[in-house]
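Here's the structure, in structure tokens; my notes come after.
Here is how names work: the chains are called A, B, and so on, in the same order as the sequence lines, proteins then strands, and each is numbered from 1. Because the structure is a prediction, the values reported are computed rather than measured. Note: hydrogens, waters and symmetry copies are ignored here, and every other heavy atom, side chains too, is used.
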Amino acid sequence: MNGPLILVWHYLRHHRYKTTILVLSIMLTLYLPVTIYMLVSDYQSRLTARAEATPIIVGPKGNRFDLVFHALYFRVKPPSGLTMDEVATIRSSGLAQPIPLHGMFTARGSSIVGTSIEYFEFRNLSVTQGDFFTILGDCVLGANVARKLKLTPGDYLMSDPTNVFDISGEYPLNMRVCGILEKNDTADDEAVFVDIKTSWIIQGLGHGHQDVTQVTDEGVLLKKEKGNVVASAALMHYMEITPDNINTFHFHGQLDQFPLTGLICVPNDQKSAILLAGRYQGSQTSLQLLEPAKVVRELFSLIFKIKRFFDANVWLISISTTLLLVLVVLLSQRLRQREMTTMFYLGCSRGIIWKLQACELGIIFIFSLILAGILTYTTMLYAPYWINILFANMN
Amino acid sequence: MKKEGNTIINIRNLDFQYREHGFRLQIPEVSISGGHKIAVLGPSGCGKTTFLRLLAGIHIPQHGTLTVDGVDISQLADTKRRNFRISRIGFVFQEFELLDYLNVLENILLPFRINSALCFDAEVENRAIRLASEVGLADKLKQRPTDLSHGEKQRVAIARALIIQPRILLADEPTGNLDPKNKQHIKMLLFEQASQTCATLIFITHDHSLLSGFDHVIDFEDFVQGGSQ
């Protein structure tokens with residue numbers, strides 16, 4: 001280390017608190033705007049990427065943002081009005097492959113998404129452990145849910161009760177974990193996937209209970225006639241689907257009238273997409289067809305108008321912090337005027353004096369830059385996780 | 001005060017005036033022999049410090065000649081003048097002017113840290129330790145100036161001035177901030193060190209009690225022309 005650098009090192013070490021404060025101030029001035037910019041860009045690209053990978057969404061008329069965000073992120077419940085017969089209608093049209101979505105419930109805070117096996121193929125999802133669901137009552141966990149709840153295939157996960165006071169309402173279902181999805185840094189990591197029929201069972205549209213013909217308890221039996229048995233609510237309902245009781249599970253009503261909360265459509269080609277869109281135009285239909293990419297872009301155009309104010313705010317704060325730092329440096333130089341004069345008397349050139357001060361600032365700036373870089377890198381490393389948490393908390 | 005041969009400082013018809021506040025210093029003729037101890041007397045503002053700055057080549061006279069150690073420093077370019085100062089002039093200040101963030105040893109070595117013209121090596125470091133020992137600071141090499149008394153600080157400043165083995169030692173009121181006992185100690189220390197290194201000592205003071213032992217005394221009241229410093 002040469003002479004001036006030794007002096008700089010001694011100075012910075014001696015004034016370690018001042019140096020640390022300067023380093024932290026510059027680090028924050030660099031870190032905040034850069035990281036916010038990168039996070040927003042990352043957030044935007046993730047939102048856009050998932051929206052662009054989802055060609056069409058069909059759902060009940062109403063708030064299009066709610067519908068798109070529900071179908072993409074399984075949050076924000078859309079208005080009801082979509083039923084299973086729409087799947088058959090679209091399938092029979094031959095224009096697109098429909099993938100039903102039914103997301104009304106949660107299991108220990110994570111959304112339960114009832115869908116068909118085609119959903120995994122459509123999203124290119126694979127399992128790292130176990131397999132996809134094959135029977136009623138099975139569930140496939142998103143990577144983050146499995147990690148958070150420490151569940152592996154073979155474990156059980158109970159759906160959350162929606163209303164503890166409504167005994168005639170839906171019962172929680174204890175689902176068997178059959179597989180864990182590979183992590184893909186999307187909303188799929190935060191969801192619990194079940195077959196759509198399992199989801200309807202959680203809703204109470206289907207159930208399994210003890211065989212009423214075998215019940216002898218008079219407190220349970222209300223009426224027993226030839227070919228007809230009427231039982232009370234005390235009849236034991238199964239809260240878990242097992243090989244022994246699976247045959248007792250049944251649905252009341254027409255399956256094609258059962259509700260969906262969204263429908264992803266994968267059109268065969270561009271022409272099919274246009275033809276399909278035409279079917280949902282006009283006032284005679286209660287459904288709407290949306291292109292998620294357009295909706296998300298529209299949302300961004302609204303958000304980014306507001307973001308400009310925040311950007312301006314961040315830049316103004318950065319400028320004012322920079323000016324404050326310049327003031328601190330100038331005042332510090334003024335305080336050190338005698339020191340510089342002494343050095344000059346001792347033969348130090350003005351160039352070396354400037355070099356000393358430039359070195360001090362340079363080292364502080366480099367340290368700040370390194371710290372800001374490490375922090376930004378760390379932030380961006382965990383950004384997908386934080387962004388997912390942000391979405392998970394969005395209601 | 002004129003002395004034939006061995007003249008280290010020679011001034012003829014020197015005329016210097018500050019541009020900012022108009023203070024003017026005129027010295028008709030002064031010659032100082034090498035190895036002598038010179039006291040410079042005079043009230044505040046009479047140009048004593050200006051005289052030292054002129055000798056060090058920090059200021060350049062507008063007229064006249066100023067020869068230091070055989071070199072007309074007014075004729076030197078900035079870099080050469082600085083190199084001249086680095087190699088031949090040692091400075092001791094009234095306020096010590098030590099750097100708080102350096103320990104005693106590093107303060108003594110400061111001229112070698114800030115001048116690329118001076119070559120730092122193990123011998124220089126040994127010299128610094130020896131000087132510190134000679135001025136009575138052998139056990140305080142790692143201490144910082146804030147931990148030292150005024151007298152000790154001035155000893156460090158003297159060691160710093162001597163580290164470059166100067167031909168001329170310029171002491172600008174080095175005893176101004178010291179108690180009477182320390183004043184005599186510091187003066188004697190400067191005498192001793194100047195004698196050891198055969199350096200010429202120019203010692204500014206307005207304390208008449210310190211004048212004993214000097215080879216010559218220059219009274220600056222005679223040179224002031226006007227303005228204020």
Just do the salt bridge (charged side-chain N to carboxylate O under 4.0 Å, His left out) check on B:D78 and B:R81 with the steps written out, would you? CA-CA 5 Å; B:D78 276 2; B:R81 210 164 58 239; 2.9 Å; yes
In terms of heavy-atom proximity below 4.5 Å to chain A, should [X] be classed as side chain, backbone, both, or neither?
{"X": "B:F93", "answer": "side chain"}
{"X": "B:L110", "answer": "side chain"}
{"X": "B:R160", "answer": "side chain"}

Per-residue tally against chain A (heavy atom, under 4.5 Å) across B:F112, B:F120, B:Y101 peaks at B:Y101
Worksheet entry | B:D100 with B:R144: basic N within carboxylate O range, under 4.0 Å | no
Problem set entry | Ionic contact status for A:R297 with A:E52, cut-off 4.0 Å | yes
**Q.** B:F51 ring center within less than 6.0 Å of B:F16 ring center
**A.** no
Q.
For A:K18, I'd like to know if atom NZ has over 12 heavy atoms of other residues, nucleotides or ligands within 6.0 Å.
A. yes
Bottom line for A:L346: the part with an atom under 4.5 Å from chain B's heavy atoms is both
